[in-house]
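Computed from a prediction, not measured in an experiment: that's the story for all the values here.
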Amino acid sequence: MRFSVPGMRIDYTRTPAYVSVFLLLCSPREVIAPAGSEPWLCQLAPRCGDKIYNPLEQCCYDDAILSLSQTRQCGPHCTFWPCFELCCPESFGLTNNFVVKLKVQGVNSQCHSSPISSDCHSKRYFS
């Protein structure tokens with residue numbers, strides 16, 4: 001296709017490829033997605049077992065998807081947030097003592113190497 005303006009001549013059949021790519025990338029386009037969903041570009045969706053979860057609202061704990069605000073029992077005297085803490089046995093035998101430790105983000109946290117969050121046997125409540 002040839003288009004000419006007095007004093008200017010443009011040949012659109014010989015438009016460089018980078019101009020075509022630029023026009024395609026910058027042209028408005030509509031993304032078709034289910035209502036309420038947001039695209040996660042260039043990221044693998046986190047999985048818990050065979051289910052996908054949103055790490056901004058949930059975590060995976062023992063192959064179950066939990067809300068970030070959910071708590072669990074740690075020994076007879078403590079609660080902990082499984083999304084952010086570990087429940088670690090401190091001693092075994094007749095007196096089972098537990099310690100809540102912080103999960104270190106970006107690492108596979110383990111009881112022996114994580115910092116202590118709270119000591120459960122010092123929080124005994126008597127009625």
Query raised in the report: Should side-chain heavy atoms under 4.5 Å link Ile, Leu, Val, Met, Phe, Trp and Tyr, which residues sit in the same cluster as Leu86?
Result: none
Query raised in the report: Can you tell me if Gln70 uses its side chain to pair, donor with acceptor, with the backbone of Trp81 under 3.5 Å?
Result: no
Query - Heavy-atom pair with the smallest gap, counting every atom of Gly75 and Cys87 - result: N-SG, 4.2 Å
Report task. Check which hydrophobic residues are tied to Tyr61 through side-chain heavy-atom contacts below 4.5 Å, counting indirect links as well, and list them. Result -> Leu66, Phe80, Val100
**Report entry** Between OG on residue Ser109 and CZ on residue Phe84, distance to nearest 0.5 Å
**Finding:** 12.5 Å
Query raised in the report: Can you check side chain to side chain contact (heavy atoms under 4.5 Å, CB included) on Thr79 and Gln73, steps first, answer last?
Result: CA-CA 4 Å; Thr79 56; Gln73 193 70 25; 3.8 Å; yes
Query - Closest contact, heavy atoms only, Pro89 versus Phe98 - result: CA-CD2, 3.7 Å
Query raised in the report: Taking only residues two or more places apart in sequence or in another chain, which ones pass side chain to side chain donor-acceptor pair (under 3.5 Å) with Ser117?
Result: Glu85
**Report entry** Rounded distance [0.5 Å steps], CD1 in Ile52 versus CZ in Arg47
**Finding:** 4.0 Å
Query raised in the report: Taking the side chain from Lys51 and the backbone from Asp63, do they hold a donor-acceptor pair closer than 3.5 Å?
Result: no
**Report entry** Under 2.5 Å between SG of Cys48 and Cys60
**Finding:** yes
Query raised in the report: Rounded to the nearest 0.5 Å, what separation is found between the CG atom of Asn54 and the SG atom of Cys59?
Result: 11.5 Å
Report summary line: Separation between NE2 (His77) and CG (Asp119), nearest 0.5 Å, reads 11.0 Å
Requested in this report: Work out which heavy atom in Lys101 is nearest to a heavy atom in Cys111; give both atom names and the distance.
Outcome: NZ-O, 2.7 Å
Query raised in the report: Can any side-chain N or O of Asp62 pair as donor or acceptor with the backbone N or O of Ala64 at less than 3.5 Å?
Result: no
Query raised in the report: Looking at residues at least two apart in the chain, or sitting in another chain, which of them share a side-chain contact (heavy atoms from CB on, under 4.5 Å) with Ser69?
Result: Ser67
**Report entry** Remaining members of hydrophobic cluster (4.5 Å side-chain criterion), Val104
**Finding:** Val107
Query raised in the report: Roughly how far, to the nearest 0.5 Å, is the NE2 atom of His112 from the SG atom of Cys88?
Result: 10.5 Å
Query raised in the report: Residues in side chain to side chain donor-acceptor pair (under 3.5 Å) with Ser113, at least two apart?
Result: none
